[in-house]
Structure formats: structure tokens, C-alpha cells
Amino acid sequence: MARIGVDVGGTNTDLVLECDKGTFFHKVPSTTQDQSIAVVEGIEQICNIAEIDKKQIEVISHGTTVATNITIEHNGAEVGFITSKGFRDILHIGRHKRPHNFSLHFDVPWQSHPLSKRRNRIAVTERIRPPTGEIEVPMNEDEVRAACAIYKKRGVKSIAIGFMFSFLNDSHEKRARDIVLEEIPDAYVSISSEVANVIREYERFSTVAMNAFVGPQSSLYLRNLEAKVKNAGIPAKLRVIQSNGGISTIDGCAKKPVGILMSGPAGGVIGALSEARLAGTENILTVDIGGTSADISTIANGQFRIKNPRDTIVSGHAVMAPMIDLETIGAGGGSIAYLDAAGGFNVGPRSAGSQPGPACYNRGGTEPTVTDAQVVLGRMDADKFLGGDLPLDPELSHKAIKEKIADPLGISVTDAALGIIKIVNNNMSLTIRSNSVARGYDPRDFSLMPFGGAGPFHGTALAELVSARDVLVPLAPGITAAMGLLGTDLQYEHTRSVITNLFSADQAAIDKVNAVSADLSAMGKVLLDSDDIPNAEQAYEVIAEIRYHGQGFELRIPMPSGGLSLENKAEVIDAFHKQHKADYGYAFDDALVELYTVRVIATAKVRHHALDPLFKGKPDDVENAFMYERETVFDDGTSHITPRLDRGKLGAGTTVDGPAIIIQHNSTTLLPPGYTAEVLDYGSMRLTKS
């Protein structure tokens with residue numbers, strides 16, 4: 001049987017196929033009008049390359065940017081929001097934090113691009129009493145039906161429901177959902193108690209509104225992809241990677257698309273970690289550079305980090321969904337270079353994408369991009385891009401940079417191209433530092449791993465800018481994110497707030513916490529059972545999210561096996577103090593400690609993709625890998641006649657001295673003068689200064 005990983009980016013769709021014949025890689029241009037077209041075409045093409053019947057495909061693991069793109073482009077559904085009387089404007093007010101506290105002209109994203117317009121936010125009578133969850137004021141069902149009448153008149157079919165204290169008692173939200181579906185049968189309805197069943201009304205309301213905002217389009221895409229795969233005669237299970245690094249079903253992601261807002265980048269982090277471990281490295285700075293963006297993350301001691309829910313912001317909106325801690329910036333091969341109104345030289349975040357793409361693609365693009373700069377500098381050969389599948393036109397790159405950048409600035413085309421590379425590298429290095437140094441990590445203890453189609457072009461420059469110890473280039477850089485899709489497990493997370501003073505917690509309070517844990521575990525079991533996972537293969541991790549009394553955020557602390565008890569609660573408190581000191585450098589040992597939220601992570605192990613050891617290198621590997629040589633300009637402005645080497649002919653243990661350009665179908669590695677590349681046992685290359 002075979003498995004396929006498919007990662008959709010803004011420019012290309014990457015595929016990896018694992019079968020009895022080995023591992024195969026492939027790229028096809030993304031179809032931005034409907035991502036599923038490229039996915040199905042790519043699956044059929046890679047099956048032909050591997051010469052296997054597509055009926056042999058057992059599982060397709062998919063990473064998608066469809067939900068991400070909706071938030072970036074602000075083109076989601078028109079959302080109706082039903083909430084409690086007196087709280088209509090929570091989504092507008094937000095928290096006291098502002099993007100730029102000392103600016104008089106700052107933009108507030110949740111106000112300038114609201115997930116639900118004020119005219120569509122309707123308050124109804126209802127009230128749940130805290131902290132017991134008893135019904136103080138019954139919900140006025142007539143008011144809910146009146147809201148539905150307004151939505152029908154306006155053509156609003158995506159409805160979010162968020163009531164105060166529904167995390168204590170969700171009966172009003174569920175009844176309101178039933179009424180909405182009675183009145184608008186084809187509505188897409190999200191309720192906060194199922195999307196984010198936790199305390200803090202603004203974050204909870206924002207999360208459920210985001211679910212409704214991206215839900216209809218995301219659901220349509222996922223259902224459409226599922227149908228196309230089936231109609232193409234592919235009998236595979238379709239799985240989608242979530243922002244937390246686990247995979248889920250189409251049905252689960254269609255109902256809760258806030259969980260896949262960072263679906264694509266998550267696969268890259270997992271794929272990078274897998275290869276780093278094979279290379280004997282567990283501290284890596286990952287830089288996934290595609291055609292549109294760069295996704296950056298820090299992995300320390302072989303563990304990727306999950307963001308604190310309070311810090312999880314997507315396109316300026318609070319989203320309380322578990323996500324791998326990574327940063328995304330508009331820096332990729334398609335990032336457009338331009339001069340602003342004041343004459344400033346900028347690169348990105350606007351991208352040429354795949355249509356029309358960089359000027360050199362000859363698809364109608366006229367603006368210079370990072371890819372065009374690489375072509376002008378002689379680093380990207382016109383007849384070798386994607387193995388020659390996409391011939392480039394260097395003259396169009398030269399023309400675009402000359403007309404848009406070089407001539408207006410009065411500099412040479414070469415200097416303009418070097419400027420484009422320098423600016424985009426500095427933009428990325430700042431983000432790498434914010435994700436590592438600002439979090440207490442020293443880049444000198446880390447290997448920088450560049451991947452994505454454009455990543456290895458920038459690896460050594462970025463390593464120098466952030467002082468990383470070396471560069472580790474994966475076996476198939478352009479396909480690393482897709483490979484990560486075959487290296488993750490089924491994972492479902494459920495949360496519920498159950499505020500408990502751990503210091504004074506008696507047996508009744510502890511029993512309540514354990515009851516919540518049991519309920520959440522049961523919810524996870526239902527989903528694993530629906531995936532036909534045997535009981536013996538199911539695993540449940542219980543996490544306590546804990547804070548000091550009055551603190552604005554929580555830290556994750558593993559719950560003791562067997563649950564919380566009077567005997568072990570002191571161990572949980574001590575573990576929180578230690579984690580707080582590790583993260584922030586201090587702890588208050590005598591302060592009141594509160595358990596705020598219980599999180600249960602239900603998982604099932606899935607067979608992970610395993611790379612085979614590379615063939616052993618021979619003394620003449622570099623000579624045999626030589627293809628041709630051409631003049632190339634490097635970052636220091638020097639020009640060298642530089643050999644092109646076929647990476648596929650370099651065996652384990654082979655070393656290459658720079659300058660050199662190492663070519664493979666899915667990516668190209670730039671090896672500057674003064675650097676040496678060593679091919680490792682499983683195919684990765686370690687680049688170090690000679």
C-alpha cells in the first residue's frame with residue numbers, strides 16, 4: 001500500500017509518495033482558484049512517476065492554506081453573531097492591549113476588519129449564573145427567531161453563537177443552534193462551547209466568529225476535495241494536518257476549521273524535526289521559504305513549542321486554538337520588490353504567486369521578485385528550474401529589475417538584485433531572532449534548517465545574520481513540508497475551564513477537575529473510535545493550564561497519571577513554579593496558584609515516513625556530479641565561475657567545497673566561497689564555514 005503527503009502553497013503544490021518501490025517527490029503549480037484541482041492532478045502525476053496504480057493509495061495527508069488565505073485576504077463569509085444582551089460590542093472592544101500603544105494612527109484589525117459587522121451582531125435575552133452554571137434568565141427563543149429572520153433577509157448564512165458563561169452551561173447555545181437550523185436549514189452554525197469551551201469572553205467570541213468566518217469556504221473546499229479524490233477513483237482516507245501538528249478527518253476540520261489556520265506551516269516544522277533527528281541535531285531554527293511566505297520556528301531539545309492560547313493571533317484576531325509556535329512573514333521567491341512613495345526600497349509582503357508569477361516565468365508578470373534577482377545573479381539557471389519543467393526567461397528578469405528598481409535608484413541591475421536579496425534576508429533574520437533570541441534561545445547553539453523551494457538559496461546568509469552554528473539542508477528541501485505530513489499522528493484536543501484554587505482544593509474540587517478530565521477524554525475517544533482506532537492504540541494526555549492568581553496567562557503542566565489527588569496536587573504546583581521560572585526567569589513560590597483550564601489531547605500513533613540511508617559516497621562523486629559551470633554573483637558582490645552539481649549523485653560522506661550550486665528537482669542549494677558541504681548518512685547536507 002502507498003501513502004501520499006500533499007502540501008499546498010501559494011505558488012506550488014508539493015507531493016511525496018511512499019510505497020514499496022521507495023519514496024518519490026513531485027511539484028505542480030498551485031491552482032489558486034481551486035486548490036483541489038492541483039491536488040488531484042498532482043496525485044495522479046506522482047502515481048504515474050512511481051508507476052503504481054492510484055488504487056493502491058491508502059492515506060492522503062493534506063496540508064492546506066485555504067483557511068489561512070481567507071484570513072489574510074479578509075474574504076470570508078458574512079457572519080451573523082448571536083450573543084447575550086449587553087455584550088454585543090465585545091468583538092469591537094477586545095482587550096486593553098493595542099497593536100501600537102503610543103501611535104495615534106494605529107490600525108486595530110478586529111475593528112477595521114471585523115469578523116462580524118456590528119449590524120449583524122444581535123443580542124438576545126439569556127443569562128447563565130457563575131460559578132454554578134445555573135440558568136438565571138431563560139433564553140428568549142422568540143428573539144433568536146427574530147434574529148434569524150433578519151439574517152434570512154440579508155442573506156447571511158454563517159452564524160456564530162457566543163453566550164456569556166456558556167463554558168459553565170452550554171444548553172442555551174445548543175438550543176439557539178437548533179433554532180437557527182430550523183429557521184435557516186442550510187446555515188453554517190458555530191457555537192463557542194464547541195469551538196473554544198473556555199473562560200474569557202472576548203477570545204472565545206473571537207474564536208467562534210473566526211470559525212464562522214472561514215468555515216463555509218473551508219468546508220466547501222474540503223468536501224469538494226473529498227469528492228474529487230473519490231471521483232478520480234482513489235479509495236484513500238483523506239486526512240488534514242492541524243495547526244497543532246496532529247492530523248484529523250475531513251469531517252472534523254470542516255466543522256472546526258479554526259484548527260487548520262496554520263495547517264501548511266505545521267507540516268514543515270514536523271518534517272524538519274524528523275530530518276534533524278536523523279542528522280543527530282535536536283536544536284534547529286526552521287525557515288520554510290516558499291513562493292509567497294517564510295514560516296519560521298525554533299525547535300529546542302527535539303520538541304516544538306505550542307503557543308500560549310492568549311498569544312495566538314491570526315491576521316490580527318484572537319483565536320484560541322492550539323498552534324505550533326511559528327512566525328509567518330511575506331518573504332518568498334515570489335515576493336515583489338518595489339520603491340514606495342518616499343523612494344524606500346522594499347521587498348514583500350505582496351507576492352506574484354504562481355499566476356502570473358515572477359517576471360521570468362513569462363506568464364505576464366512585470367514586477368521584479370526575489371526569484372528574478374536570483375536569476376539575474378546567475379544562481380538560478382533558466383533551463384534547470386524544476387528540472388527544466390518550467391523554463392525561465394532571464395531577459396524578463398533583467399528588464400523588470402532595471403525598469404522598476406535599478407534605473408529609478410541610479411544603480412546597476414546587479415546591485416539592485418543584490419539589494420533585493422539583502423533586504424529579504426534581513427527581513428527574515430529579524431523574525432528568526434524574535435522567535436529565538438526573544439524567547440531566551442541562543443542561535444549559536446542551533447543549526448539553521450532552510451527548506452521550501454527557495455530556502456537553500458538563503459541558508460548560509462541567514463545563518464551568518466543570526467549567528468547560527470551551521471546550516472542543515474534537508475534531503476528534499478522543496479518537499480519537506482509534504483514529508484512532514486507523513487510523520488504526524490492523529491490528534492484531537494478538547495478543553496474546558498474549571499477554575500480551581502489548587503492550594504485550598506478539597507476532595508470535592510479535585511473530583512470536579514477529574515470529572516472534567518474524564519468527560520473530555522470520552523469526547524476524544526468518540527473521535528478516535530470513529531477513525532477505527534483500536535483501544536490499545538489510543539492514548540490520552542491530560543494537561544492542566546495553570547496561572548498565579550490574577551495573572552493574565554496560563555502555562556501548560558502535565559496532569560499526574562491517574563488524575564489529580566490531595567496527595568499529588570503539591571507536585572502539580574511545584575511543576576508550575578519550575579515551568580514559570582524556566583520560561584520567565586522567576587517564580588513566586590508563596591503565591592496563590594489556580595488551575596484554570598483542563599485540556600485533553602487524544603492521540604493515536606500513525607506509521608511515520610522513514611528515510612532510507614543514502615548510498616555511500618565515492619572519491620569521484622563530485623567529479624561525477626559535475627554538470628556544467630557558469631558565472632555566479634554571491635552576496636558579497638564577488639563573481640565566480642561556479643560549478644553546478646547534481647545532488648542526486650553525491651553519496652553519504654562526500655564533501656563539496658564552495659563555490660558551488662547543488663541542483664535537484666525541487667530546490668537549489670547555494671554554497672558560497674569559504675563554505676563546505678558534507679552529505680550526511682540520510683541525505684541531509686551540513687554546510688559549514690571552511
Are [X] and [Y] ion-paired here, with the side-chain N under 4.0 Å from a carboxylate O?
{"X": "E554", "Y": "R200", "answer": "yes"}
{"X": "D583", "Y": "R439", "answer": "no"}
{"X": "E194", "Y": "R177", "answer": "yes"}
{"X": "E134", "Y": "R129", "answer": "yes"}
{"X": "R239", "Y": "D531", "answer": "yes"}

Answer whether the closest heavy-atom distance between the side chains of [X] and [Y] falls below 4.5 Å.
{"X": "D7", "Y": "M483", "answer": "no"}
{"X": "L222", "Y": "V240", "answer": "yes"}
{"X": "R121", "Y": "H92", "answer": "yes"}
{"X": "K255", "Y": "N211", "answer": "no"}
{"X": "L564", "Y": "K569", "answer": "yes"}
{"X": "T83", "Y": "F205", "answer": "yes"}
{"X": "L555", "Y": "H580", "answer": "yes"}
{"X": "F451", "Y": "T286", "answer": "yes"}

Taking [X] for its side chain and [Y] for its backbone only, find out whether a donor-acceptor pair lies under 3.5 Å.
{"X": "H62", "Y": "V6", "value": "yes"}
{"X": "D288", "Y": "G268", "value": "no"}
{"X": "S521", "Y": "S517", "value": "yes"}
{"X": "R127", "Y": "K85", "value": "yes"}
{"X": "Y492", "Y": "I601", "value": "no"}
{"X": "T64", "Y": "V66", "value": "yes"}
{"X": "W110", "Y": "H317", "value": "no"}
{"X": "S293", "Y": "T328", "value": "no"}
{"X": "S206", "Y": "E203", "value": "no"}
{"X": "R433", "Y": "V437", "value": "no"}

Taking every non-hydrogen atom, the tightest pair across [X] and [Y]:
{"X": "A505", "Y": "T500", "result": "CB-CG2, 4.0 Å"}
{"X": "T488", "Y": "G246", "result": "OG1-CA, 3.6 Å"}
{"X": "L462", "Y": "S429", "result": "CD2-N, 4.1 Å"}
{"X": "F167", "Y": "N197", "result": "CA-OD1, 3.0 Å"}
{"X": "S447", "Y": "D470", "result": "OG-OD1, 2.5 Å"}
{"X": "M559", "Y": "A544", "result": "CE-CB, 4.0 Å"}

For the residue pair [X] and [Y], confirm or rule out a side-chain donor-acceptor distance under 3.5 Å.
{"X": "S166", "Y": "S193", "value": "no"}
{"X": "T249", "Y": "D251", "value": "no"}
{"X": "E327", "Y": "T431", "value": "no"}

Handout entry: With sequence neighbours excluded, residues passing side chain to side chain contact (heavy atoms under 4.5 Å, CB included) with T597
Key = V198, T495, S497, E545

Inter-residue atom distance [X].[atom1] - [Y].[atom2], 0.5 Å rounding:
{"X": "M323", "Y": "S243", "atom1": "CE", "atom2": "OG", "result": "4.5 Å"}
{"X": "R175", "Y": "I161", "atom1": "CZ", "atom2": "CD1", "result": "11.0 Å"}
{"X": "D590", "Y": "H577", "atom1": "CG", "atom2": "NE2", "result": "8.0 Å"}
{"X": "T603", "Y": "Q491", "atom1": "OG1", "atom2": "CD", "result": "6.5 Å"}
{"X": "I543", "Y": "I306", "atom1": "CD1", "atom2": "CD1", "result": "10.0 Å"}
{"X": "T480", "Y": "L475", "atom1": "OG1", "atom2": "CG", "result": "8.0 Å"}

Practice task
Answer yes or no: are there more than 12 heavy-atom neighbours, outside Y682 itself, under 6.0 Å from its atom OH?
Solution key: no

Problem - K525 atom NZ, over 12 foreign heavy atoms within 6.0 Å - result: yes

Practice task
Just say parallel, tilted or perpendicular for the rings of Y441 and F446, cut-offs at 30° and 60°.
Solution key: perpendicular

Practice task
Please work out whether the ring planes of F163 and H172 are parallel, tilted or perpendicular, with thresholds of 30° and 60°.
Solution key: perpendicular

Problem - Residue pairs involving residues 555-565 (criterion side chain to side chain donor-acceptor pair (under 3.5 Å); sequence neighbours excluded) - result: S565-E567, S565-N568

Handout entry: side-chain contact (heavy atoms from CB on, under 4.5 Å) between R444 and R469, intermediate numbers included
Key = CA-CA 5 Å; R444 291 173 295 184; R469 67 186 176 195; 5.7 Å; no

Exercise for the section: Apply ring pair (Phe, Tyr, Trp, His ring centres under 6.0 Å) to the pair F553 and Y584, showing each step before the final yes or no. Expected result: CA-CA 12 Å; F553 55 87; Y584 299 103; 5.3 Å; yes

Practice task
Determine, stepwise, if the pair F503 / H549 fulfils ring pair (Phe, Tyr, Trp, His ring centres under 6.0 Å).
Solution key: CA-CA 11 Å; F503 273 121; H549 177 66; over 10 Å; no

Handout entry: Ring centres under 6.0 angstrom apart (H74, F213)
Key = no

Handout entry: Y202 ring center near F87 ring center (under 6.0 Å)
Key = no

Practice task
Report the C-alpha distance between R686 and V471 in whole Å, list the side-chain angles of each, state the deciding distance to 0.1 Å, and finish with yes or no for side-chain contact (heavy atoms from CB on, under 4.5 Å).
Solution key: CA-CA 6 Å; R686 192 180 300 279; V471 177; over 6 Å; no

Practice task
Check step by step if salt bridge (charged side-chain N to carboxylate O under 4.0 Å, His left out) holds for R547 and E594.
Solution key: CA-CA 5 Å; R547 71 174 194 173; E594 293 178 327; 3.0 Å; yes

Practice task
Name all pairs fulfilling the salt bridge (charged side-chain N to carboxylate O under 4.0 Å, His left out) condition that reach into residues 504-521, sequence neighbours left out, sorted by first residue then second.
Solution key: R496-D519

Problem - Stepwise salt bridge (charged side-chain N to carboxylate O under 4.0 Å, His left out) test for E537 and K605 - result: CA-CA 7 Å; E537 297 177 17; K605 292 291 183 183; over 6 Å; no

Handout entry: Test log, rule side-chain contact (heavy atoms from CB on, under 4.5 Å), inputs V473 and M449
Key = CA-CA 6 Å; V473 181; M449 182 177 282; over 6 Å; no

Exercise for the section: Assess whether side-chain contact (heavy atoms from CB on, under 4.5 Å) is satisfied between L520 and V598, documenting all intermediate values. Expected result: CA-CA 9 Å; L520 299 179; V598 173; 4.0 Å; yes

